[in-house]
Amino acid sequence: MNPDLIAQLAEQVDEAARTGQTLTMLTAGHPALDIDAAYSVQRASIARRVARGERLVGMKMGLTSFAKMEQMGVHDPIYGHLTDAMILPNGGQLQLKGLVHPRVEPEIAFTLASDLCGQPTPEQALAAVASVHSAIEIIDSRYTNFKFTLIDVVADNTSACRYVVSEGIPLGGMDLGNLKIEMDVGGREHRKGSSQAILDHPAKSLARLAAMLDARQEGLVAGQTVLAGAATAAVHVAAGDQVSVQVEGLPDVHFSISA
Ligand code: 0L1
Ligand code: MG
């Protein structure tokens with residue numbers, strides 16, 4: 001696809017995220033956009049953030065539950081980039097001003113001890129992990145009414161907005177395959193899930209991310225954070241909400257929301 005068009009679309013998604021404005025789906029005006037071009041738009045939008053001084057600190061997996069893949073009519077998860085401007089400290093406060101229509105998802109996150117490239121097995125992927133964390137991802141699609149195609153959402157950095165991680169613990173012999181996960185949003189929404197909903201096992205999600213990056217001659221780097229994916233459906237948030245997530249065996253994570 002024409003590099004000028006990639007740059008123009010990257011500017012559109014980046015400006016929408018920066019200013020909290022909604023965006024018409026890119027595919028409406030550019031029906032020829034394919035998944036490969038969508039990842040190029042995503043990459044170029046992250047390059048704009050980096051040029052403004054943000055630092056790339058990790059990656060996220062999206063659409064990791066088979067239920068959500070079925071809902072979107074796809075068979076593969078998607079990935080996005082995390083920058084330091086997206087970090088919310090554990091116990092911190094998220095301001096709604098400047099966001100479009102945020103939702104929260106309970107997740108498991110990894111911090112990497114070593115680079116992870118190529119096509120690792122889930123066991124090889126876990127061997128690269130320094131610590132595991134409970135996490136909350138705040139997603140905020142820039143598209144009107146949170147409606148998009150797979151190609152649009154990939155271009156929009158898979159709706160990445162902010163994320164919070166708990167203190168990390170070393171993996172040790174912990175089996176992450178079927179941990180109970182609970183999320184409370186403002187005392188009005190309580191969701192329960194299992195880490196198994198994350199691509200069957202969070203380690204499979206990490207291995208899959210490495211393989212997907214490898215297909216674009218990219219890889220994960222020591223020190224990066226990886227959000228492995230959501231264990232339940234996303235929940236809308238409102239000013240005044242406290243949001244907390246408990247993952248069996250991991251430290252808790254929480255934050256509050258202000259107008
Ligand atoms: O992190 C996620 O699973 C979200 C991926 C993008 C789809 C959405 O915004 O719901
Ligand atoms: Mg997510």
Side-chain angles (χ1 to χ4, degrees), residues 13-14 16-23 49 54 57-65 67-68 71-72 77-109 133-148 152-153 156-167 179-195 197-198 225-247 250-259:
V13 289
D14 179 47
R18 197 179 65 78
T19 59
Q21 303 293 314
T22 53
L23 194 62
R49 283 174 174 262
E54 292 181 34
V57 292
M59 305 292 296
K60 60 160 281 190
M61 284 289 265
L63 303 185
T64 44
S65 82
K68 205 151 169 180
Q71 194 185 358
M72 294 283 300
I78 54 180
Y79 66 81
H81 292 73
L82 303 175
T83 74
D84 61 340
M86 299 178 191
I87 299 172
L88 190 67
N90 193 6
Q93 194 170 69
L94 173 75
Q95 223 194 345
L96 286 185
K97 191 163 172 271
L99 306 184
V100 186
H101 36 208
R103 300 177 182 183
V104 288
E105 302 182 320
E107 306 217 1
I108 285 179
H133 315 247
S134 52
I136 305 171
E137 183 181 17
I138 298 110
I139 54 171
D140 189 23
S141 172
R142 271 54 69 167
Y143 297 112
T144 311
N145 298 329
F146 235 104
K147 291 260 180 303
F148 41 73
D152 291 298
V153 73
D156 185 28
N157 197 27
T158 64
S159 308
C161 172
R162 302 277 193 284
Y163 69 96
V164 194
V165 299
S166 73
E167 188 191 321
L179 303 178
K180 287 196 193 81
I181 300 186
E182 295 196 36
M183 177 170 73
D184 186 85
V185 181
R188 64 189 149 73
E189 295 267 11
H190 196 79
R191 297 290 159 99
K192 290 184 180 183
S194 158
S195 57
I198 303 167
T225 299
V226 173
L227 293 179
T232 74
V235 175
H236 289 277
V237 289
D241 281 347
Q242 303 278 337
V243 182
S244 61
V245 165
Q246 285 87 40
V247 181
L250 297 181
D252 294 350
V253 60
H254 65 105
F255 73 99
S256 61
I257 302 188
S258 69

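Values below: every heavy atom of this structure, side chains too, minus hydrogens, waters and symmetry copies. FYI, the numbering just counts along the sequence from 1.
Proximity of a side-chain donor or acceptor of His190 to a complementary backbone N or O of Glu182 within less than 3.5 Å is not detected. Distance alone, capped at 3.5 Å, places no donor-acceptor pair between the Ser166 side chain and the Asp252 backbone. A donor-acceptor contact shorter than 3.5 Å is absent between the side chain of Asp241 and the backbone of Ser256. When atom types are taken as modelled, the side chain of Tyr163 and the backbone of Leu227 share no donor-acceptor pair closer than 3.5 angstrom. Under a 3.5 Å cut-off, the side chain of Asp140 and the backbone N or O of Val100 do form a donor-acceptor pair. The main-chain N or O of His81 is found under 3.5 Å from a side-chain atom of Asn157 such that the two form a donor-acceptor pair. Proximity of a side-chain donor or acceptor of Glu107 to a complementary backbone N or O of Gly229 within less than 3.5 Å is detected.
The shortest non-hydrogen separation linking Leu250 to Ser134 is CD1-N, 3.8 Å. Across every non-hydrogen atom of Arg49 and Ala17, the tightest pair is NH2-CB, 4.0 Å. When every heavy atom of Ile138 is checked against every heavy atom of Pro102, the shortest pair comes out as CG2-CB, 3.8 Å. Residue Met61 comes nearest to Pro77 through the heavy atom pair CE-CG, 3.6 Å, listed as atom of the first residue, atom of the second, then distance. Between Tyr143 and His101, the shortest heavy-atom contact is O-CE1, 3.2 Å. The minimum heavy-atom distance linking Ile87 with Val57 is given by the pair CD1-CG2, 4.3 Å.
For NE2 of His236, the number of neighbouring non-hydrogen atoms (other residues, nucleotides, ligands) closer than 6.0 Å is 12 at most.
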Go through the steps to decide whether Phe255 and Val245 satisfy the test side-chain contact (heavy atoms from CB on, under 4.5 Å), and finish with yes or no. CA-CA 9 Å; Phe255 73 99; Val245 165; over 6 Å; no
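Put simply, the side chain of Leu99 reaches to within 4.5 Å of the side chain of Arg162, judged on heavy atoms. A heavy-atom distance below 4.5 Å is not found between the side chains of Val243 and Val235. Inter-residue side-chain proximity for Val237 and Arg103 is flagged as unmet; no heavy-atom pair is nearer than 4.5 Å. Ile108 places a side-chain heavy atom less than 4.5 Å from the side chain of Leu179.
Of the inter-residue distances, the one linking Arg142 atom CZ with Thr19 atom OG1 reads 10.0 Å to the nearest 0.5 angstrom. The CD1 atom of Ile181 sits 13.5 Å away from atom NZ of Lys192, with the distance rounded to the nearest 0.5 Å. Separation of atoms CE (Met183) and CD1 (Ile136) is listed at 7.5 Å; rounding is to 0.5 Å. A distance of 12.5 Å separates CG in Leu88 from CD in Glu137, rounded to the nearest 0.5 Å. Between Asp156 atom CG and Thr158 atom OG1 the span is 8.0 Å, to the nearest 0.5 Å.
Test Lys68, Arg191, Lys60 against Glu105 for salt bridge (Lys or Arg N to Asp or Glu O under 4.0 Å) and you get one pass: Lys68.
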